[in-house]
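Chain letters run A, B, ... following the sequence lines, proteins first and then strands; every chain starts at 1.
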Number of protein chains: 2
Amino acid sequence: MGEVRVLLVDDHPVVRAGLRAMLTGFEGISIAAEAADGAAALKELARLRTLGEAPDVVLMDLQLGDGMDGVTATAQIRKLAAPPPVLILTTYDTDADILAAVEAGASGYMLKDAPPDQLRQAVLQAAAGGTALAPRAAALLMERISNPGTSLTPREVQLLELLATGLSNRAIARQVFISEATVKTHLVHIYGKLGVDNRTAAIAAATQRRIIRAPGSKG
Amino acid sequence: MGEVRVLLVDDHPVVRAGLRAMLTGFEGISIAAEAADGAAALKELARLRTLGEAPDVVLMDLQLGDGMDGVTATAQIRKLAAPPPVLILTTYDTDADILAAVEAGASGYMLKDAPPDQLRQAVLQAAAGGTALAPRAAALLMERISNPGTSLTPREVQLLELLATGLSNRAIARQVFISEATVKTHLVHIYGKLGVDNRTAAIAAATQRRIIRAPGSKG
DNA sequence: CCGGGAGTCAACCTTTCGGTTGATCCCCGG
DNA sequence: CCGGGGATCAACCGAAAGGTTGACTCCCGG
């Protein structure tokens with residue numbers, strides 16, 4: 001059979017160069033094209049298809065700088081007809097990242113610090129229609145199906161976001177037109193679900209799990 | 001003159017491969033050796049010196065996984081006799097990271113998403129004994145000399161970082177072996193300097209101004 | 001139609017936090 | 001040599017947050 005053609009999507013030139021060097025060094029893998037962001041990835045994908053050189057797998061980072069993030073890009077790609085498998089290759093393995101990627105239709109979730117051979121295996125596996133998950137990603141998904149009751153409600157996430165901006169309970173209450181008592185009730189629920197016992201720990205936990213965006217971080 | 005020899009220090013195989021491919025592609029730059037952590041970097045440096053092949057510049061990531069971080073490694077290198085210039089190449093540009101690197105004796109501070117040509121320029125500049133700063137790093141240092149009164153002390157930044165992990169005053173006190181009263185005193189000073197009046201707002205403000213990294217992000 | 005989860009609110013109590021005042025120690029620089 | 005800033009600690013008080021119990025509404029699904 002022919003080579004597995006890969007479309008690289010990563011905003012860091014250094015990482016793209018590294019993946020290009022690493023993957024082309026493997027037997028049976030070649031780089032079809034590269035893209036620095038989601039829009040460029042979709043454009044490249046369309047271009048390659050018209051050339052009859054559709055990639056066998058898309059290797060996608062989740063953090064793509066300004067613009068479309070990797071989850072959105074993945075969802076867009078999976079909406080196409082006969083979409084290629086998308087293998088996520090990123091730096092972080094937070095709950096929200098993993099779940100968002102899987103929900104967007106990713107075929108796998110690998111970390112950038114994985115050894116080269118695991119990376120090669122994952123690419124080949126995804127290209128063949130299989131699945132490749134980093135240990136933590138696999139553990140998370142299994143834990144989710146056995147223990148589904150611990151996720152935050154939309155309202156709780158909303159209050160969490162306000163909490164992270166540094167507002168007091170009273171200020172939050174005024175912001176969303178409820179009483180301070182209700183805010184406290186929600187916070188108690190949030191603390192319980194996150195396994196913490198104060199607001200700063202809740203912010204840290206929620207940020208770590210990417211339930212909320214870091215205060216002041218660029219979109 | 002001969003080629004500029006670079007010692008690469010980065011814990012990610014993908015990034016090392018990328019930098020190797022990118023830099024060796026440039027005229028006048030070659031890779032002398034690579035290291036995945038601080039200890040290995042010092043060892044490689046010593047080895048190269050005994051061979052009479054001392055590198056002209058060390059390209060150093062700040063996040064080096066388990067063990068010695070990039071700041072410590074930089075300081076160690078700069079303590080040697082006739083130390084090579086150390087150019088920091090990392091992912092984040094928080095105030096704390098930049099200042100720590102400069103204080104450790106770094107010759108420059110660049111970000112990994114910099115375009116290849118800027119990277120090449122920075123390496124050559126550092127190797128020639130010059131300085132190379134990313135825009136935000138340069139802006140920070142200039143702002144420091146023109147406006148030195150309102151900055152947080154290192155101790156205050158340290159407590160702020162612990163604060164952002166969700167620790168209580170008592171827990172912070174135990175962590176750094178001081179009394180809870182002292183923690184409270186520091187926090188009052190921090191609140192004053194940041195213009196806030198509670199701990200969550202301090203985290204939000206400090207994150208926004210990049211005095212600290214987002215809570216929970218890897219270091 | 002009934003149970004349950006989500007959202008709302010109140011009253012109560014304990015703990016933590018925020019703010020102040022005042023004090024000691026050390027080190028650096030004029 | 002003396003001032004000042006940084007770091008340390010103590011005692012105090014009021015305000016805010018944490019935790020519990022209980023209750024009401026709404027809506028969705030079995």
Side-chain angles (χ1 to χ4, degrees), chain A residues 144-207 211-212 215, chain B residues 95-96 99-100 102-103 144-207 211-212 215:
Chain A
R144 282 280 149 156
I145 50 175
S146 65
N147 195 23
T150 56
S151 59
L152 297 180
T153 69
R155 187 59 152 176
E156 287 165 352
V157 172
Q158 182 193 10
L159 292 203
L160 205 41
E161 284 166 348
L162 293 173
L163 189 67
T165 66
L167 296 179
S168 68
N169 290 348
R170 186 172 303 166
I172 295 173
R174 279 198 277 258
Q175 193 93 9
V176 296
F177 306 109
I178 59 180
S179 78
E180 199 176 335
T182 304
V183 173
K184 292 172 70 173
T185 302
H186 281 304
L187 289 188
V188 169
H189 294 160
I190 291 171
Y191 298 160
K193 289 180 179 178
L194 293 181
V196 300
D197 62 352
N198 67 68
R199 50 180 53 216
T200 51
I203 295 173
T207 307
I211 294 166
I212 57 173
Chain B
D95 290 15
L99 291 178
V102 170
E103 278 163 19
R144 285 278 150 156
I145 50 174
S146 66
N147 197 21
T150 57
S151 60
L152 298 180
T153 69
R155 188 58 151 178
E156 286 165 352
V157 173
Q158 181 192 11
L159 292 203
L160 203 41
E161 284 166 347
L162 292 173
L163 188 68
T165 67
L167 297 178
S168 67
N169 290 348
R170 186 171 304 171
I172 294 173
R174 279 198 276 258
Q175 192 93 10
V176 296
F177 306 110
I178 59 179
S179 79
E180 200 177 336
T182 304
V183 173
K184 291 172 70 174
T185 302
H186 281 305
L187 289 189
V188 169
H189 293 161
I190 291 171
Y191 299 159
K193 289 180 179 179
L194 293 180
V196 299
D197 61 352
N198 66 67
R199 51 179 54 216
T200 50
I203 295 173
T207 308
I211 294 168
I212 58 174

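Between the C1' atom of dG6(D) and the CD1 atom of Ile190(B) lies a distance of 13 Å, rounded to the nearest Å. Note: CD (Glu180(B)) to C1' (dG19(C)) measures 15 Å, nearest angstrom. Protein atom NZ of Lys193(B) is 16 Å distant from nucleotide atom P of dG19(C), rounded to whole Å. In this structure, Leu187(B) places its CG atom 14 Å from P of dC9(D), rounding to the nearest Å. Taking atom CG of residue Asp197(B) and atom C1' of nucleotide dT20(C), one finds them 15 Å apart after rounding to whole Å. Atom-to-atom, CG of Leu163(A) to P of dA16(D) comes out at 16 Å; the value is rounded to the nearest Å. If you take CD of Glu156(B) and P of dA7(D), they are 6 Å apart, rounded to a whole angstrom. Between the NE2 atom of His189(B) and the P atom of dG5(D) there is a distance of 12 Å, given to the nearest Å.
By the 4.5 Å heavy-atom criterion applied to side chains, Asp197(A) and Tyr191(A) are not counted as neighbours. When side chains are defined from C-beta on, Val157(A) counts as touching Glu161(A), because their heavy atoms get closer than 4.5 Å. Side-chain contact between Arg155(A) and Val176(A) is present, with heavy atoms from C-beta onward closer than 4.5 Å. Arg199(A) has its side chain out of reach of Ile203(B): every pair of non-hydrogen atoms, C-beta onward, lies at least 4.5 Å apart.
Regarding contacts with the backbone of dA17(D), a side-chain N or O of Asn169(A) is found under 4.0 angstrom from either OP1 or OP2. In this model, the phosphate group of dT8(C) is approached by a side-chain N or O of Arg155(A) to a distance below 4.0 Å at OP1 or OP2. For Thr182(A) and dC9(C), the shortest distance from a side-chain N or O to OP1 or OP2 is below 4.0 Å. The phosphate of dT8(D) has OP1 or OP2 within less than 4.0 Å of a side-chain N or O from His186(B). Between Ser179(B) and dC9(D) there is a side-chain polar atom (N or O) within less than 4.0 angstrom of OP1 or OP2.
Sequence order on DNA chain C of the closest nucleotides to Lys184(A) and Arg199(B) puts Lys184(A) first from the 5' end. Looking at which nucleotide of DNA chain D each of Ala181(B) and Thr153(B) is closest to, the 5′-most match is held by Thr153(B).
For Ile178(B), whose side chain is taken as the heavy atoms from C-beta onward, the closest listed nucleotide among dG18(D), dC9(C), dC9(D) is dC9(D). Side-chain atoms of Tyr191(A) lie closest to dG18(D) of the nucleotides dG18(D), dA17(D), dC9(C). Listed nucleotides dG19(D), dT8(C), dG18(C) differ in distance to Val188(A); the shortest reach to its side chain belongs to dG19(D).
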(message) Run the side-chain contact (heavy atoms from CB on, under 4.5 Å) test on Leu160(A) and Leu194(A) for me, step by step, so that the C-alpha distance in whole Å, both residues' side-chain angles and the decisive distance to 0.1 Å come before the verdict.
(response) CA-CA 11 Å; Leu160(A) 205 41; Leu194(A) 293 181; 4.3 Å; yes
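At a cut-off of 3.5 angstrom, the base of dC17(C) holds no donor-acceptor pair with the side chain of Ser168(B).
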